[in-house]
Number of protein chains: 2
Amino acid sequence: MLISTKGRYGLRSMADLVLYAQKKPVPLRVIAERQGISESYLEQVFALLRKAGLVNAIRGSYGGYVLARPAHQITVGEVLQALEGPLTLANCAHRGGTIECDKMDTCLTMPFWQKLSAKIDEVLFSTTLQDLVDEERATGKRQGPDPQAPI
Amino acid sequence: MLISTKGRYGLRSMADLVLYAQKKPVPLRVIAERQGISESYLEQVFALLRKAGLVNAIRGSYGGYVLARPAHQITVGEVLQALEGPLTLANCAHRGGTIECDKMDTCLTMPFWQKLSAKIDEVLFSTTLQDLVDEERATGKRQGPDPQAPI
DNA sequence: TCTAAACCCAGTAAGTTGGTAGGAATATTG
DNA sequence: CAATATTCCTACCAACTTACTGGGTTTAGA
């Protein structure tokens, strides 16, 4: 399992926000209940998301969390990077360049890691939160109220 | 860092075998020295590779390891799977099907994990050890003797 | 003022990582 | 047969990570 619960819970929670935080902020208690996740653990997840500027918090009663940007402007890669740290496969293959590897000249595997990383980034940073819920709508799995429906 | 040293050391060692184990077995001591890896740690890596049927061991003096199959018949995916265990991103996305997820019906992220896993597997299981050294030859980085050269 | 929420920090049990150490079994060479 | 070089096996370890739990503080709406 390459992605920890932090990343998986966080991504599910962000998708949850897309669906349910259109009109007003959603409190963690509700997300935790709906997604079956410990609320105090989710706190730590959202602390990271907030620090990364992906969600805005509204404190006090009737508060909660909302997306900081429209769903189609937040990529899955941004979310996972905020929660899991840099998504590198090896030191020699990470977004934006190469770092510290004394064997760069002779390493037989570096080009492979870089190629794989590029492929992964291609998916991660081209898929947005909107894509997640759109796919869901297309297959007709979703349960909650239609967030796009006029009220 | 999604791939641990076991996977990275192992892949580098397998590439090393492609280059240097054409005529006779290569002892761990030599690989460890050439790749700058602890020999006793490499032992554990090669125990896994042997159990996965990817290398054959020759015991005793003048022994060592050789590839169990030609380099173009061993994929990077096989090597990493033997060393890292199943390369799944989440429970709901692993090679050959879906397992235990009580939220399958409503999970917004499952299709994404499956799509990403498929992309990764595409690279992992279409790249062979031979491809690693071929790329190396193309860019002219390699140092050792040409294993394809007639003797 | 009551209450519901975000926020913050500390701790923790279990598992993983990246090794080290010591020795037993096996095969080759002299 | 003896010496040597190798694989093979098991146990151990310290540091780190994971997936939480708990206790309290601050903030804002009714």
Nucleotides 25-30 of chain D: protein proximity per nucleotide (B base, S sugar-phosphate only, - neither; heavy atom, under 4.0 Å): -BBBSS
Give every pair of a protein N or O atom and an N or O atom of nucleotides 14-16 of chain C that lie under 3.5 Å apart, one pair per line with the distance.
none

For B/Thr128, is there any backbone N or O sitting under 3.5 Å from a side-chain donor or acceptor partner on B/Asp131? yes
Return the set of residues passing side-chain contact (heavy atoms from CB on, under 4.5 Å) with B/Lys24 (not counting sequence neighbours), or none when no residue passes. none
From CZ of B/Arg12 over to C1' of C/dG18, roughly how many Å is that when rounded to an integer? 14 Å
I need the NZ-P distance between A/Lys51 and C/dC8, as an integer number of Å. 6 Å
Please list, chain by chain and in numerical order, all residues satisfying side-chain hydrogen bond (donor to acceptor under 3.5 Å, both in side chains) with B/Tyr62, sequence neighbours excluded. none
Roughly, in whole Å, what's the span from CG in B/Leu83 to P in C/dG18? 12 Å
In whole Å, what is the span from the CG atom of A/Leu48 to the P atom of C/dC9? 13 Å
Test of understanding: with side-chain contact (heavy atoms from CB on, under 4.5 Å), list the residues that count as partners of B/Ser126, not counting sequence neighbours. none
Residues which pass side-chain contact (heavy atoms from CB on, under 4.5 Å) with B/Ala68, listed by chain and number, not counting sequence neighbours: B/Asn56
Which parts of nucleotides 14-23 of chain D does protein reach within less than 4.0 Å, heavy atoms only, written one letter per nucleotide 5' to 3' as B for base, S for sugar-phosphate only and - for none? -----BBB--
Taking only the side-chain nitrogens and oxygens of A/Arg29, find out if one of them lies under 4.0 Å from OP1 or OP2 of C/dA4. no
Grab the CG-C1' distance between A/Asn56 and C/dC7 for me, whole Å please. 15 Å
Run the side-chain hydrogen bond (donor to acceptor under 3.5 Å, both in side chains) test against B/Thr127 and tell me which residues pass, sequence neighbours left out. none
Looking at every strand, decide which applies to A/Phe46 at a 4.0 Å heavy-atom threshold: base, sugar-phosphate, or nothing. nothing
Going by side-chain hydrogen bond (donor to acceptor under 3.5 Å, both in side chains), name the residues that satisfy it together with B/Arg69, two or more places apart in sequence or in a different chain. B/Glu78
Pairs in or reaching into residues 49-65 of chain A: which pass salt bridge (charged side-chain N to carboxylate O under 4.0 Å, His left out), with residues at least two apart or in two chains? none
Apart from A/Val66 itself, its cluster of hydrophobic side chains linked below 4.5 Å comprises A/Ile58
Output all residues satisfying ring pair (Phe, Tyr, Trp, His ring centres under 6.0 Å) with A/Tyr65, sequence neighbours left out; order by chain, then residue number. A/Phe46
B/Leu49 CG to D/dC8 P, in whole Å, measures 11 Å
Is there a side-chain contact between B/Leu42 and B/Ser13, using heavy atoms and a 4.5 Å cut-off? yes
